[in-house]
Amino acid sequence: MSTSVLICDDSKLARRQLARSLPDDWDIKVEFAEDGVDCIEQIKALGPEILFLDLNMPQMDGYEVLQAIQKLDLNVLTVVVSGDIQPNAHQRVIELGAIDFIQKPCDVQKLADIIEHHGIKDKAMRERLSHRLGEQVDPDVRDIYQELTNVAMGQAGDLLARLLNVFVELPIPNVNILEVNELDMALRSIDANATTSGVCQGFIGGGVSGEALLLLNDSSFKEIASLMNYQGELNNKIELELLMDISNILIGAILTGLSRQLDMTFSQGHPVVLGQHCDVSDLVKANKSRWQRTLAIEISYGIENHNINCDLMLLFTEDSLKTLKYKVAYLLED
């Protein structure tokens, strides 16, 4: 039976080019939508299994389409196809439920790789992926996770600010349930054009376990060394020591802050170096077997007036979700 595919783009040329780029050996029936409003109407009427979605459109853009799909609980797997290549655009569409992102103009091989990677030619794989995408973090629960992390993040930021005598910029934490391939995408969006060094540290306690992953942009080391009054020449050994110092402060403080609020004690494992001076994609590729389906909380630290970028991700195992939900339910009680 043919797979139903909907291509949504306000450009007729873009719609036709994408349709011609789909694999020749894929048994599909293709329909087209000219804008976001038309897209939602056709999803309701036709029930396509796969949606290829542009972002910049009149009346209703691609972000609004993704929001409407979630709000209306429409069952369709969405791949975003857009000329907007900002890392934040990648991350935002994944957070809104898209399974992947491809840059315009559409590369035939890249498109084929995405289709193959997600197994969306196979009906059983599509059904499993659709089922997983239907599991969203409840807004009230997300709010609790973000608030707990805000408090812990503030404590960690305070320690870093005191150590370096700087002002630490604190973001709003991102909270999502991710598969390993989506974690891959989230990590790649941090900085696709810079090399990175990473440390991972496991934690466990009270029925909750996971890993804290800290990624530091390599361009940050020189300024961190200066702020810590290190006068010598930087080498791999010194940079590793700086990476460990920063990770000990941030990971230790944030886990302590969370454990106090959740009324549980975390035991921390030994830090593991994931890689030094490598592309994020290589770092992920070398370590992706460590991570599966996970509750991911991402925190991006910045330091005012300094080129220092540091990302901390808390990756809770799927088995931990039951305990965390219990703890959150208790906090939500009147």
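Listed for the N248 side chain is a donor-acceptor partner under 3.5 Å among the backbone atoms of M244. With hydrogens and angles disregarded, no donor-acceptor distance shorter than 3.5 Å links the side chain of S300 to the backbone of D311. Listed for the Q70 side chain is no donor-acceptor partner under 3.5 Å among the backbone atoms of L66. Listed for the S320 side chain is a donor-acceptor partner under 3.5 Å among the backbone atoms of S209. Judged by distance alone, with hydrogens and angles left aside, the side-chain atoms of Q146 form a donor-acceptor pair with the main-chain N or O of P173 at under 3.5 Å.
Contact annotation: the side chain of L213 approaches that of L215 to within less than 4.5 Å [non-hydrogen atoms, C-beta and beyond]. Side chains of I50 and I115 form no contact here, defined as non-hydrogen atoms less than 4.5 Å apart. Using a 4.5 Å heavy-atom threshold, the side chains of S197 and F221 count as touching. When side chains are defined from C-beta on, L262 counts as touching L324, because their heavy atoms get closer than 4.5 Å. The closest side-chain heavy-atom distance from P48 to I43 is below 4.5 Å. Between Q155 and T256 the shortest side-chain heavy-atom distance does not fall below 4.5 Å. Residues D61 and L55 form no side-chain contact, since every pair of their non-hydrogen atoms from C-beta on lies 4.5 Å or further apart.
Neither side chain, S11 nor D9, offers a donor N or O lying under 3.5 Å from an acceptor on the other. Using modelled atom types and a 3.5 Å distance limit, the side chains of Q109 and D113 yield a donor-acceptor pair.
Under the 4.5 Å side-chain heavy-atom criterion for grouping Ile, Leu, Val, Met, Phe, Trp and Tyr, V273 is connected to L250 within one hydrophobic cluster. Under the 4.5 Å side-chain heavy-atom criterion for grouping Ile, Leu, Val, Met, Phe, Trp and Tyr, L216 is connected to L163 within one hydrophobic cluster. A continuous path of hydrophobic side-chain contacts links L77 to W26 [ILVMFWY only; heavy atoms under 4.5 Å]. Side-chain heavy atoms closer than 4.5 Å link hydrophobic residues (I, L, V, M, F, W, Y) into clusters, and following such links, possibly through other members, connects V166 to M228. If you chain together hydrophobic residues whose side chains sit under 4.5 Å apart, L72 and V93 fall into the same group.
In the displayed structure, E169 atom CD is contacted under 6.0 Å by more than 12 heavy atoms of other residues, nucleotides or ligands. Counting heavy atoms of neighbouring residues, nucleotides and ligands inside a 6.0 Å radius, atom CG of D25 exceeds 12 of them. Annotation: D263, atom CG; neighbour count of heavy atoms from other residues, nucleotides and ligands within 6.0 Å does not exceed 12.
Taking every heavy atom of both residues into account, G47 and S4 meet most closely at O-OG, 3.7 Å. Contact detail for D54 and N56: the closest heavy-atom pair is OD2-O, 3.1 Å. Between Q268 and I251, the shortest heavy-atom distance links the atoms NE2-CG2, 4.1 Å. Considering all non-hydrogen atoms of both residues, L234 and A225 come closest at CD2-CB, 3.8 Å. Taking both residues in full, the closest heavy atoms of C8 and M57 are given as SG-SD, 3.5 Å, listed atom of the first, atom of the second, then distance. Nearest heavy atoms, K104 versus A14: NZ-CB, 4.1 Å.
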**Request:** Output, in order, the C-alpha distance, side-chain angles, deciding distance and verdict of side-chain contact (heavy atoms from CB on, under 4.5 Å) for M264 and T323.
**Result:** CA-CA 11 Å; M264 59 176 60; T323 300; 4.3 Å; yes

**Request:** Would you check, one step at a time, whether the test side-chain contact (heavy atoms from CB on, under 4.5 Å) holds for V65 with I40?
**Result:** CA-CA 7 Å; V65 170; I40 294 299; 4.0 Å; yes

**Message:** I'd like to know whether N236 forms a side-chain contact (heavy atoms from CB on, under 4.5 Å) with L240, so could you lay out the CA-CA distance, the side-chain angles of the two residues, the decisive distance to 0.1 Å, and finally the verdict.
**Reply:** CA-CA 6 Å; N236 282 351; L240 181 57; over 6 Å; no

**Request:** Evaluate side-chain contact (heavy atoms from CB on, under 4.5 Å) for L111 paired with L22, printing each intermediate quantity in order.
**Result:** CA-CA 7 Å; L111 181 58; L22 295 173; 3.7 Å; yes

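Separating the SG atom in C39 from the CD atom in E64 is a distance of 12.0 Å, to the nearest 0.5 Å. Going from atom CG of L46 over to atom CG of L6 covers 7.0 Å, rounded to the nearest 0.5 Å. Rounded to the nearest 0.5 angstrom, D35 CG and Q59 CD are separated by 4.5 Å. Residue I204 holds its CD1 atom at 12.5 Å from OG1 of T265, rounded to the nearest 0.5 Å. For the atom pair CG of L312 and OH of Y301, the computed distance is 6.0 Å after rounding to the nearest 0.5 Å. With rounding to the nearest 0.5 Å, the separation of CG in L258 from CG in L314 is 6.0 Å.
The cationic group of R16 lies under 6.0 Å from the six-membered ring centre of F32 and within 45° of the ring axis, placing it in a cation-pi geometry.
Residues satisfying the side chain to side chain donor-acceptor pair (under 3.5 Å) criterion with E34, sequence neighbours excluded, are absent altogether. Here F203 pairs with F266, F316 under the ring-ring contact (aromatic ring centres under 6.0 Å, His included) rule; sequence neighbours left out.
Residue pairs meeting the side chain to side chain donor-acceptor pair (under 3.5 Å) criterion with at least one member in residues 220-234, sequence neighbours excluded: E223-H306.
None of L243, I246, I303, D245 except one satisfies the side-chain contact (heavy atoms from CB on, under 4.5 Å) rule with I224; the exception is I246.
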